[in-house]
Amino acid sequence: MTIAADGTMTVTVDSVPLEPPPFGPPWERSSFATVIDSVLTERGSPVRVLVYEADGTVFTDLVTQPLQRTLDPAAQPPGREPGAPTSAPATEGLFDPAPVIAPPRVALGEEGFIPGEEVAVAIIVRHTKASADGSARALLEPGLCRVSVDGEVVLVGRISGTCVVAGLT
């Protein structure tokens with residue numbers, strides 16, 4: 001997020017510009033929480049936020065939960081029937097104690113590994129077809145490549161069983 005001297009703001013997510021809604025006003029400093037919440041919700045994971053102020057100051061934060069909450073007094077907390085008696089505190093339902101980020105998921109490979117060996121972990125993000133000579137190539141967006149700690153990708157042939165670990169270029 002880059003803040004201009006007039007308070008307007010430009011936003012990029014993974015190097016791709018994020019435009020305000022069609023026919024809406026430009027992003028402004030007051031849009032900060034709305035923008036972060038929408039990206040956080042869309043991604044379903046923590047968001048690293050960099051804010052570049054007009055005076056050259058840079059702020060960095062890691063946001064894990066939405067910044068905005070519903071404070072509508074008529075809103076009912078989940079699981080409560082309208083009109084049902086309650087002995088809960090008045091603040092119940094104003095804040096969601098559950099994190100937006102789901103707990104880690106576990107993948108198990110229960111056999112075939114040598115004790116103590118390093119095992120690469122890959123998440124399938126796309127499929128591609130092998131060419132006529134049997135080679136394969138995958139084009140990946142820069143945002144996907146940044147999540148690779150080692151800068152590697154695993155290609156697995158669904159029929160041949162061929163498994164290739166290759167560096168990203």
Query raised in the report: Is there a donor-acceptor pair under 3.5 Å between the side chain of Asp14 and the backbone N or O of Val16?
Result: no

**Report entry** side-chain contact (heavy atoms from CB on, under 4.5 Å) between Val154 and Glu152, intermediate numbers included
**Finding:** CA-CA 7 Å; Val154 178; Glu152 295 178 318; over 6 Å; no

Query raised in the report: Do the non-hydrogen side-chain atoms of Lys129 and Arg137 ever get within less than 4.5 Å of each other?
Result: no

Query raised in the report: Backbone N or O of Leu50 within a donor-acceptor pair of the Thr60 side chain at under 3.5 Å?
Result: no

**Report entry** Heavy-atom closest pair, residues Pro20 and Pro25
**Finding:** CB-O, 3.4 Å

Query raised in the report: Can you name the closest pair of heavy atoms from Glu53 and Arg29 and give their distance?
Result: OE1-NH2, 2.8 Å

Query raised in the report: Any donor and acceptor pair, going by atom type alone, linking the side chain of Asp61 with main-chain N or O of Val63 inside 3.5 Å?
Result: no

Query raised in the report: CD1 of Ile3 to CZ of Phe59: how many Å apart, nearest 0.5 Å?
Result: 10.0 Å

Query raised in the report: Between CE of Met1 and OH of Tyr52, what distance do you get to the nearest 0.5 Å?
Result: 12.0 Å

**Report entry** For the student: nearest non-hydrogen atoms of Pro26 and Thr8, plus distance
**Finding:** CG-CG2, 4.4 Å

Query raised in the report: About how many Å separate CG of Asp37 and OG of Ser31, when rounded to the nearest 0.5 Å?
Result: 12.0 Å

Query - Shortest non-hydrogen contact between Thr12 and Pro17, atoms and distance - result: CG2-CA, 4.0 Å

Report task. Please name the residue in the list Leu18, Leu40, Val49 that meets the side-chain contact (heavy atoms from CB on, under 4.5 Å) test with Val35. Result -> Leu18

Query raised in the report: Do you know the tightest heavy-atom contact between Ala5 and Ala54?
Result: N-CB, 3.6 Å

